[in-house]
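Computation of the quantities below employed the complete heavy-atom set of this structure, encompassing side-chain atoms and omitting hydrogens, waters and symmetry-equivalent molecules.
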Amino acid sequence: MHGRMWFEGNPWSEGHRIRTFEWVWGLDEQGALWFDPLLITRNYDAERMPPEPPDSDDKREWDSPELWSGYVGCLMEPLDYHGFPVATPGSPFSLTAAEPRVLTLDPLPEPPNTRHAFQLQLLGHDTCADHRFVVTRQPDGRHRIDWTARIALVYAGDEEYKYAFRAELHDCVPLHVTYPSEMRPDEAHEALAAVVDVPERFVPAVAHTRPVLSYARPISAPPARRWPWRSLGARRRPRSG
């Protein structure tokens, strides 16, 4: 996986490199499929440190590189055990479809006392909503994910969604599928077969001491490079996908 994340109007117009993206899936007790992604950027100032703008009446905390670097980097993960539902029995999620899949959640405006799907550590413990999560299959079977949302800097006492982020991730594959502890692996696999089009790609495994169904490999790997039979000398090993 490789990707970047942009925070609209912050001191880094080129964005920030994403250090970790775990595309975790989960089954619940009713057999629904959820996405439970974890995203962590590199330190905000990892690639460069912009100069601090001069003090002025209209200078915002959002504009200060020193303030950003003091919070190190961004972390976003589900607030509860699961992030957001993507498929139910009879309405599966397709990993092989050519058309992008668009998922939305936490729309704005929101009712009072909304419990959001994700927690966001940005400039403190802030809030994100109005998510748009687009999954597009790449030619090699892996996926591109485009994720956008609005941001409220609630840690600074501002509950208005004045800001936004955009994340672009390439070469993504599911990490694994969690499932309820009362399910056996074969029961979990049967439940998964009702909500994803290629259940055969998932095999029993263990992650963080708990049983999961791990994604074995991309749906299609890029073709191996063929070397002319007459070529002489040392041959480089073709890179895998």
Discussion item. Set out, in order, the CA-CA distance, both residues' side-chain angles and the distance that settles ring pair (Phe, Tyr, Trp, His ring centres under 6.0 Å) for Y215 and W23, then state yes or no.
Written reply: CA-CA 11 Å; Y215 188 59; W23 193 13; 8.4 Å; no

Discussion item. Please determine whether ring pair (Phe, Tyr, Trp, His ring centres under 6.0 Å) holds for the pair W34 and F84, giving the CA-CA distance in whole Å, both sets of side-chain angles, and the decisive distance to 0.1 Å.
Written reply: CA-CA 5 Å; W34 296 68; F84 52 97; 8.2 Å; no

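More than 12 heavy atoms of other shown residues, nucleotides or ligands fall within 6.0 angstrom of atom CD in E14. More than 12 non-hydrogen atoms from other residues, nucleotides or ligands lie less than 6.0 angstrom from CD of E187.
Aromatic rings of W12 and W6 (six-membered ring for Trp) have centroids beyond the 6.0 Å cut-off, not under it. Note: F7 and H16 meet the aromatic proximity criterion, with ring centroids under 6.0 Å apart.
For the residue pair D36 / H82, a side-chain donor-acceptor distance below 3.5 Å is found, with atom types taken as modelled.
Between F118 and H131, the two ring planes are tilted [angle within 30° to 60°]. Relative ring orientation between F202 and W25 is described as tilted, the plane-to-plane angle lying within the 30° to 60° band.
Members clustered with V134: V102, by chain and number, using a 4.5 Å side-chain heavy-atom cutoff among hydrophobic residues.
Ionic pairing of R144 and E168 is present here: one or more N-O contacts between side-chain nitrogen and carboxylate oxygen are shorter than 4.0 angstrom. We find that E47 and R4 are joined by a salt bridge, their nearest charged nitrogen and carboxylate oxygen being less than 4.0 Å apart.
Tracing side-chain contacts under 4.5 Å through hydrophobic residues (I, L, V, M, F, W, Y), one never reaches V177 starting from L38; they form parts of separate clusters.
Contacts of T148 classified as side chain to side chain contact (heavy atoms under 4.5 Å, CB included), with partners at least two apart in sequence or in another chain: R132, R166.
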